[in-house]
Number of protein chains: 2
Amino acid sequence: MSDTDVAAWAALLRVHAALVPLIDRELQAACGLPLTWYDVLLELNSAPDRRLNMSDLGDVALVSRTRASRVVDQMVAAGLVTREPNPDDRRSAYATISEAGRARLRAAAPAYLASIRRHFTSRMTPAESATVAAALRKVLADPPGDSDQASAVPPAV
Amino acid sequence: MSDTDVAAWAALLRVHAALVPLIDRELQAACGLPLTWYDVLLELNSAPDRRLNMSDLGDVALVSRTRASRVVDQMVAAGLVTREPNPDDRRSAYATISEAGRARLRAAAPAYLASIRRHFTSRMTPAESATVAAALRKVLADPPGDSDQASAVPPAV
DNA sequence: TCAAATAATGTGCGTGCGCACGCATCATCA
DNA sequence: TGATGATGCGTGCGCACGCACATTATTTGA
């Protein structure tokens, strides 16, 4: 019964474990960009004013807020991003994608897409990939906040 | 065009990033088992003779071969697994799930399934989860070996 | 107006993780 | 049998990652 439930989850874990290091290495070999950096550039580029503060970047990208702060430092050193203070809230800092960052993103996109296609999307039908995208997006859409110990499974021990 | 291609992949990355730490914490709170340990127990339990050498464990489970060696050490210390030399090949070592390990696995399974259901499968229709499982399994089935620099994207720089 | 609560950030620290390497063992072949 | 390459394994090492905490700034409430 619940065997089919866990099957999708298990397959997701396996695919992630198999493909992320692979695609990361390919992307890095092709354009010197770690997958994490690519994702940060992507999110910044599509954000309003092409910038995001650390908290929002941590929410939307694949890095945590804590890690975002350090990754942005490295990307600033690499010239892909600039750090700017927010004049309206001096606690926060904006990470803004630079022109060089946009150029790198544009240059890397074809290789990234090719990797995804080669290892992932090409192995399924268009209908399947559409269903996968739709289903996984529904998972993300819901508020995952009900997960505190309050309503969670009572400790079995 | 290729926008729909990347959508499924991006959603997979996001779902993994959002749910794995969540489910890991829940599993650990409910039964003191990290997700990694649970997966190792699961694979060992379903392996022939309930045992696997380090290489095979690294192949099939969510840990790398290198990491498997250390995780098995910890799980031996916790009494969930035993390390046994392979008499037929003295280079290799078997990790065998212990009775205590099987008991822990059985005890943890309901909490794990509940977490998966609550955060993942319950957000999609049965047809969707079946399609997700089938599609992702096809991704895993294929030989991913063609990824060497040989046939990969020529370095753009 | 000002103190207390809240929020955004940066950082020390411990842990997880895999690569590169070396050791021991096995397989092959002359 | 003896030498050479291949294989399985464990470990030193460095990087990635997130938690807990301190700091600074903003907001709230009386």
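Numbered from 1 within each chain, the chains take letters A, B, ... in sequence-line order.
Of the possible polar contacts, none joining the B:D49 side chain to the B:R51 backbone as a donor-acceptor pair under 3.5 Å is found. Under a 3.5 Å cut-off, the side chain of A:R14 and the backbone N or O of B:V60 do form a donor-acceptor pair. A:S46 contributes a side-chain N or O that, together with a main-chain N or O of A:L42, makes up a donor-acceptor pair within less than 3.5 Å. The main-chain N or O of A:L62 is found under 3.5 Å from a side-chain atom of A:D39 such that the two form a donor-acceptor pair. At distances below 3.5 Å, not a single donor-acceptor pair connects side-chain atoms of B:S69 with backbone N or O atoms of B:T66. Under the 3.5 Å distance criterion, the side-chain polar atoms of B:S122 are matched with a main-chain donor or acceptor of B:R117. Remark: the backbone N or O of B:N45 is paired with a side-chain donor or acceptor of B:R50 at under 3.5 angstrom. Under a 3.5 Å cut-off, the side chain of A:S129 and the backbone N or O of A:T121 do not form any donor-acceptor pair.
Taking atom CG of A:D59 as the reference point, atom C1' of C:dA7 lies 13 Å away to the nearest angstrom. To the nearest angstrom, C1' of D:dC19 lies 14 Å from CG of B:D24. When the C1' atom of C:dT9 is taken as reference, atom CG of A:D73 falls 11 Å away, rounded to whole Å. In this structure, CG of B:L22 is placed 14 Å from P of D:dG18, rounded to the nearest angstrom.
The shortest non-hydrogen separation linking A:R123 to A:R118 is NE-O, 3.3 Å. The heavy-atom pair separating B:A111 from B:C31 by the smallest distance is CB-SG, 4.3 Å. Between B:L80 and B:R104, the shortest heavy-atom contact is CD2-CG, 3.7 Å. Contact detail for A:L136 and B:A8: the closest heavy-atom pair is CD1-O, 4.3 Å.
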Are there any protein N/O atoms within less than 3.5 Å of an N/O atom in nucleotides 22-28 of chain D, and if so, which ones and at what distance?
unit_1, atom_1, unit_2, atom_2, d
D:dT26, OP1, A:R90, N, 3.2

Write out a two-atom table: protein N or O, nucleotide N or O from nucleotides 2-5 of chain D, distance below 3.5 Å.
none

Tabulate protein N/O versus nucleotide N/O from nucleotides 14-17 of chain C, keeping only pairs under 3.5 Å, one per line.
unit_1, atom_1, unit_2, atom_2, d
C:dC17, OP2, B:R67, NE, 2.8

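For C:dG18, neither phosphate oxygen OP1 nor OP2 lies less than 4.0 angstrom from any side-chain nitrogen or oxygen of A:R25. Taking 4.0 angstrom as the limit, A:S69 places none of its side-chain polar atoms (N or O) nearer than this to OP1 or OP2 of C:dT9. Within the 4.0 Å cut-off from OP1 or OP2 of C:dT9, at least one side-chain nitrogen or oxygen of A:N53 is found.
Candidate nucleotides D:dC9, C:dG10, C:dA8 were compared by shortest atom distance to the side chain of B:M54, and D:dC9 ranks first.
Nearest-nucleotide assignment on DNA chain D puts the 5′-proximal partner with B:S55, out of A:R65 and B:S55. Taking the nucleotide of DNA chain C with the nearest heavy atom to each of A:S92 and B:N86, the more 5' of the two is matched to A:S92. Nearest-nucleotide positions on DNA chain C for A:A93 and A:P21 put A:A93 closer to the 5' end.
Across all strands, A:T66 comes closer than 4.0 Å to base atoms (heavy-atom distances).
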